[in-house]
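Remember, it's 1-based here, ligands and their atoms both numbered in the order they're listed. Computed from a predicted model, the values in this text were never measured in an experiment.
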Amino acid sequence: MLTEKIILWDMSDFDKNKLDKIWDECLSILKDIISEDEFRTWFSVVTVSKFEDNFLYINVPSNYYYEHIEAHYLDELIRVIRRVINPSAKLRYVTKVTESDLMTMTSVNHTSIENFPQSAPVIINNPDIKELPNPFIIPGIKPIKIESQLKDEYNFDNFVEGSCNKFARSAGYAVAQNPGKTSFNPLLIYSPVGLGKTHLVHAIGIETKRLHPEKTVLYISADQFLRQYVKSVQDRTTNNFLQFYQVTIDVFIIDDIQFLENKQGSQEIFFQIFNWLHSQGKQIIITSDKAPANMVGFEQRVLSRLKWGLNAELQVPDVQTRINIIKKKLENDGNMHIPDDVVEYLAYSVNTSIRELEGALTSVQAHGVLSKQDITIDLAREIVDRFVKSNTREITIEYIQKMVCNYFNISMEQMLSRSRKGDIVTARHISMYLSRKLTKSSLVAIGDKCGKKDHATVLHACKSVENSCEINKDYRNNVEMIEKRILG
Ligand code: ADP
Ligand code: MG
């Protein structure tokens, strides 16, 4: 690393101005290394404090920032500092311990997700409305009790991290530490259906309650919010409805905001609630099936509010994350054993949403139990074909390599090694050949994933497989058999 261009600053007589410049220089390099979103989230608020005894002291807003930066960006940060200042410079963090930090530290053991009773000036409680009971109030109890509506099992522990959700997850975690006090207000999480929005916002709510049990957290789907609003209009209790949200809630989580599309009245009331809560430093968390820029049927002023804080996307998880998610579910389920190759098969085959993945897993488990058959790849294939036919199986280089390794009964490490043993070389060649045939990857990309070979080596491997297929029937049969397995 130290072969990079080194700009050595003369640190003997620096002043604060110069130090700020040095830090700006560090930040500008860091900006090129990490993503813009990450930079904005984690470094835009970090400032420099002093340089002493070869330590650069930086100010971070809280312990949480310190821990996160240490865990995720330490290497990059040190590299940059050493490049800009001197090759042995070191780093220290300065955090101001605020009251809320102290509270965080002392309340870790709290597990309750119940809200404390609230003294509210109004009680929305209409016993006539049987089909639409107000979910937040238990009738007859004063002061009123507000049900958080949070589901225990949707917690952070069960929310598997992957690059698809890393950013949204960290932002959510930061919000739970300091609800209403970060710049992520509102925090808006968006994605198509089944990718974990509901789960994640519950996790944020649960974590908030764990850290700040005195705060009143409310989760509500926009659909439920809309129905309540409509009912309040019919009953002429809209003012109560409005006051309920404005007076009692500290953390307001509203799920699937797209339900308010083209609903002017409910948008208006949402707008008022939003403005009030925001001005009072209360936290607002919103989910949507698309980014605000692509939302239609919303008033401009509502959209502009949605863009105020942080918008974070949840993406389709990669194969490894899908495998981890299935394993997590199995771990939580307890007794049902599913062999690893079936887990992998499901993860590779169901690549649309996590909800579908869970559906496929449940079907496989159910069939295993009902038919008293062992759960095998064949059973899984049958079920996936029958139940999730709409999926186009994702054929990746890794998947091809796995199938080829299985066929030759060798490990992935052997495949990626430099070994010249007959079977291993054949497997390596066939996986390059099939990757070229069955994926859209370039020769360079294939070479890269097959043990860092260059494109000429891949081309050579492909040619050699084609030649062998022409002159050797057994060899051709093997290749065809593997291809069939891969295509399912
Ligand atoms: P959405 O609200 O985006 O439609 P959900 O939050 O309802 O998606 O997620 C669908 C299912 O997938 C839920 O059962 C949820 O627990 C599960 N799920 C989503 N993301 C994850 C994850 N990262 N780790 C574990 N399970 C997840
Ligand atoms: Mg949802």
Side-chain angles (χ1 to χ4, degrees), residues 113 135 148-176 186-208 217-227 252-261 284-292 294-295 306 311-334 336 338 343-344 346-347 349-366 384 387-388 390-391:
I113 50 171
S148 68
Q149 302 208 105
L150 294 168
K151 289 190 198 136
D152 276 335
E153 68 276 16
Y154 279 173
N155 54 38
F156 269 120
D157 282 348
N158 291 336
F159 191 79
V160 173
E161 183 176 329
S163 56
C164 55
N165 60 34
K166 191 163 172 238
F167 179 61
R169 192 180 192 281
S170 314
Y173 211 70
V175 163
L187 173 64
L188 183 139
I189 293 166
Y190 66 94
S191 78
V193 69
L195 293 182
K197 297 181 295 295
T198 299
H199 187 146
L200 180 56
V201 295
H202 275 269
I204 300 169
I206 292 168
E207 184 68 6
T208 305
V217 177
L218 174 70
Y219 165 89
I220 184 166
S221 71
D223 176 38
Q224 211 180 355
F225 179 84
L226 178 66
R227 282 184 286 134
F252 179 42
I253 306 174
I254 180 158
D255 199 4
D256 289 321
I257 193 92
Q258 70 273 10
F259 275 109
L260 305 190
E261 259 171 31
I284 301 153
I285 302 170
I286 301 165
T287 76
S288 163
D289 66 349
K290 36 188 134 29
N294 301 325
M295 286 164 71
L306 301 185
N311 298 344
E313 186 182 8
L314 293 178
Q315 290 160 337
V316 176
D318 56 27
V319 166
Q320 188 54 50
T321 310
R322 299 206 290 273
I323 292 176
N324 296 345
I325 289 174
I326 301 182
K327 290 198 165 154
K328 186 83 195 178
K329 304 270 167 218
L330 292 174
E331 191 186 302
N332 288 346
D333 278 0
M336 173 70 92
I338 296 204
V343 170
E344 282 177 13
L346 288 175
S349 310
V350 186
N351 56 14
T352 41
S353 81
I354 301 171
R355 187 165 296 141
E356 290 219 4
L357 187 61
E358 285 181 349
L361 176 66
T362 311
S363 300
V364 168
Q365 287 176 319
V384 167
F387 290 91
V388 269
S390 57
N391 280 292

Can you name the atoms of ligand 1, numbered from 1 with element, that are less than 4.0 Å from a heavy atom of Tyr154? 13 (C), 14 (O), 16 (O)
For atom 17 (C) of ligand 1, what is the closest protein heavy atom, and at what distance to 0.1 Å? Glu358 OE2, 3.2 Å
Nearest-contact summary for atom 16 (O) of ligand 1 - protein heavy atom, Å: His199 ND1, 2.7 Å
Say whether Leu195, considering both its backbone and side-chain N or O atoms, lies within less than 3.5 Å of an N or O atom on ligand 1. yes
Lys197: numbered ligand 1 atoms lying under 4.0 Å from its heavy atoms: 1 (P), 2 (O), 3 (O), 4 (O), 6 (O), 8 (O)
Would you mind reporting whether Leu361 and Val343 have side-chain heavy atoms less than 4.5 Å apart? no
To which protein heavy atom is atom 24 (N) of ligand 1 closest, and what is the distance rounded to 0.1 Å? Val160 N, 2.8 Å
Evaluating non-hydrogen atoms only, which member of Glu161, Arg169, Lys329 is closest to atom 26 (N) of ligand 1? Lys329
Looking only at protein heavy atoms, what sits closest to atom 7 (O) of ligand 1 is Arg355 NH2, 2.5 Å
Quickly, which of Thr362, Val350, Thr352, Asn351 forms a side-chain contact (heavy atoms from CB on, under 4.5 Å) with Leu357? Name it, please. Val350
Ligand-residue contact atoms, ligand 1 with Asn158, heavy atoms, under 4.0 Å: 24 (N), 25 (C), 26 (N)
Proximity flag Lys328 to ligand 1, non-hydrogen atoms under 4.0 Å: no
According to side chain to side chain donor-acceptor pair (under 3.5 Å), who are the partners of Asn332, at least two apart in sequence or on a separate chain? Asn158
For Asp223, is there an ion pair with Arg227 - N to carboxylate O distance below 4.0 angstrom? yes
Within 4.0 Å of some non-hydrogen atom of Asn165, the atoms of ligand 1 are 23 (N)
Heavy-atom check, side chain of Ile286 versus side chain of Tyr190, under 4.5 Å: no
Show the atoms of ligand 1 that are less than 4.0 angstrom away from any heavy atom in Val193. 4 (O)
The criterion is salt bridge (Lys or Arg N to Asp or Glu O under 4.0 Å); which residues satisfy it with Lys166, sequence neighbours excluded? none
If the condition is side chain to side chain donor-acceptor pair (under 3.5 Å), which residues does Thr287 pass it with, not counting sequence neighbours? Asp255
Sidechain-backbone polar pair: His202 side chain, Lys151 backbone, donor-acceptor under 3.5 Å: yes
Nearest protein heavy atom to atom 18 (N) of ligand 1, by residue and atom, and its distance? Ile354 CG2, 3.5 Å
Hey, are the side chains of Val193 and Arg355 touching, using non-hydrogen atoms and a 4.5 Å cut-off? yes
Give me the nearest non-hydrogen protein atom to atom 4 (O) of ligand 1 as residue plus atom name, then the distance to 0.1 Å. Gly194 N, 2.6 Å
Take the Mg ion (ligand 2) as the centre and count protein N, O or S atoms at distances under 2.8 Å. 1
Which class fits the ring pair Phe225 and Phe252: parallel under 30°, tilted 30 to 60°, perpendicular over 60°? tilted
Closer than 4.0 Å to some heavy atom of Gly196 - which atoms of ligand 1 meet that? 1 (P), 3 (O), 5 (P), 6 (O), 8 (O), 9 (O), 19 (C), 20 (N)
Sort out for me which residue in Lys329, Lys328, Arg322 forms a side-chain contact (heavy atoms from CB on, under 4.5 Å) with Ile325. Lys329
Any salt bridge between Glu261 and Lys290, counting N to O under 4.0 Å? yes
Using 30° and 60° as the class boundaries, would you call the ring planes of His199 and Tyr154 parallel, tilted or perpendicular? parallel
